[in-house]
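In what follows, a structure is listed as structure tokens, so that the remarks can point back to it.
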2 protein chains.
Amino acid sequence: MTLDAIDKKLLFLLQSDSKKTTKELSLKLNLSVTAVYERIKKLEREGIIDKYVVLVNRSKVEKGFVVFCHLKLIQHTKEFLTKFESEVIQLKEVLECHHVSGDYDYILKIVVKDMEAYREFLVTKLTTLQHIGSTHSTFMISEVKNTTVVDI
Amino acid sequence: MTLDAIDKKLLFLLQSDSKKTTKELSLKLNLSVTAVYERIKKLEREGIIDKYVVLVNRSKVEKGFVVFCHLKLIQHTKEFLTKFESEVIQLKEVLECHHVSGDYDYILKIVVKDMEAYREFLVTKLTTLQHIGSTHSTFMISEVKNTTVVDI
DNA sequence: CTTTTATATAGATTTATTTTCTATTTTTAA
DNA sequence: TTAAAAATAGAAAATAAATCTATATAAAAG
């Protein structure tokens, strides 16, 4: 489907705060409640709106330690990639895993309590996965920006 | 505040789907609607629940091209860091910017339409920021895992 | 250019959910 | 062991979502 300016503004508003009522949205968009409601339902049906979620303040739940781990496999056969990927997605400390081009194969974003928890994770979980060649950890000093809002 | 097992399960459920009604949650948690409601309100007051948002399927809105950009500044004075950070957070293509330890100063996660859009972004926006020393772009081949759910 | 069809919108109504209120129960601390 | 505080339950009130019917707007066909 093609998104018009109203759809884009609607998506911006919902990406920023999905608790807004259709009434509030209708005022900002100069539409009726029903028109807004139907547009939202359409965006949901099309899968453009993927899901509604709560975002947690990580620093308030002892998960303020963020690590980027750059990882190489020992081989790059489909079998090895698939095996590694199926295992890494199981690890709850790993919020993101991206297969990437360049000097290494994967970039992982890992969230734990502190350095000690990371050491434990690395030794008992990550490096026990099969086919891992090497890992290189980069630690977050501060979070300058972190948003889920995509500009459409 | 200290979170008990019910709070943690509640946060897991809401992080996965914030559209669940308090009725549905109450059934899963074996609590009354009011008890669930009060727990949610407390988590909001404490700032543990940061916000409610819609997550958009990027590939359906022509923002499926993800780049990790590793960046160095020419100097590391507070002035230079602050200036750079205040500018980079304005860029809507930059979803994440992390100040990190190690070989480079920042890791950026950038979302655009395609390689051509990235080239345009790099040339007209990112590299025009002040105090940038060097950039190194790594392109996402596939998204193995990408979740906002923090295991508490 | 007009008619037909489909799509989008508005307002009213119904249904569902959230929020508030009061009463108990449970937990914590004195 | 008792008093105070916190958490929970159920009912009532307030609010919002979802549905329905009618109208308007836009796209396609004759």
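No experiment lies behind these values; they were computed from the predicted model shown. Lettering follows sequence order; numbering is per chain, from 1.
Regarding Asp7(A), its CG atom lies at a distance of 14 Å from the C1' atom of dT9(C), rounded to whole Å. As a whole-Å value, the separation of Arg45(A) CZ from dA8(C) P is 9 Å. Rounded to whole Å, the distance from NZ on Lys42(A) to C1' on dT7(C) is 8 Å. One atom, CD1 of Ile6(B), and another, C1' of dA7(D), lie 10 Å apart when rounded to the nearest Å. Distance CG (Leu29(A)) to C1' (dA8(C)): 15 Å, rounded to an integer number of Å. With rounding to whole Å, Asp4(A) atom CG is found 11 Å from dA8(C) atom C1'. For the pair Glu46(A) CD and dT7(C) C1', the interatomic distance rounds to 14 Å; values are reported in whole Å. At whole-Å resolution of the value, CD1 in Ile40(B) and C1' in dA7(D) are 15 Å apart.
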Only pairs under 3.5 Å count here: list side-chain donor-acceptor contacts from residues 29-37 of chain A, not counting sequence neighbours, and write none if there are none.
unit_1   : atom_1 : unit_2   : atom_2 : d
Ser32(A) : OG     : Ala35(A) : N      : 3.1

Taking distance alone, no hydrogens or angles, what donor-acceptor pairs closer than 3.5 Å link side-chain atoms of residues 44-54 of chain A to residues at least two apart or in another chain?
unit_1   : atom_1 : unit_2   : atom_2 : d
Glu44(A) : OE1    : Lys41(A) : NZ     : 3.2
Glu44(A) : OE2    : Tyr52(A) : OH     : 2.5

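Legend: residues meeting salt bridge (charged side-chain N to carboxylate O under 4.0 Å, His left out) with Lys83(A), ordered by chain and number and at least two apart, are Glu87(A). Scored by the salt bridge (charged side-chain N to carboxylate O under 4.0 Å, His left out) test, Arg39(B) finds Asp4(B), Asp7(B) as partners (sequence neighbours excluded).
With ring centers used as reference points, Phe139(A) lies 6.0 Å or more from Phe68(A).
His70(B) and Tyr104(B) have parallel rings, their planes meeting at less than 30° on a 0 to 90° scale where 60° marks the start of perpendicular. Ring pair Phe80(B)/His131(B) is parallel by interplanar angle, where below 30° counts as parallel and above 60° as perpendicular.
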Filtered N/O pairs between nucleotides 17-21 of chain C and protein, under 3.5 Å:
unit_1  : atom_1 : unit_2   : atom_2 : d
dT18(C) : OP2    : Thr22(B) : N      : 3.1
dT18(C) : OP2    : Thr22(B) : OG1    : 2.8
dT19(C) : O5'    : Tyr37(B) : OH     : 2.9

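Side chains of Asp105(A) and His99(A): a donor-acceptor N/O pair is absent below 3.5 angstrom, by distance only.
A salt bridge links Glu93(B) to Lys125(B): one of the charged nitrogens lies within less than 4.0 Å of a carboxylate oxygen.
Taking five base pairs at each end of the helix from dC1(C)-dG30(D) to dA30(C)-dT1(D) and finding the rotation axis that steps the C1' atoms of four pairs onto the next four gives two axes whose angle is 40°, to the nearest 10°.
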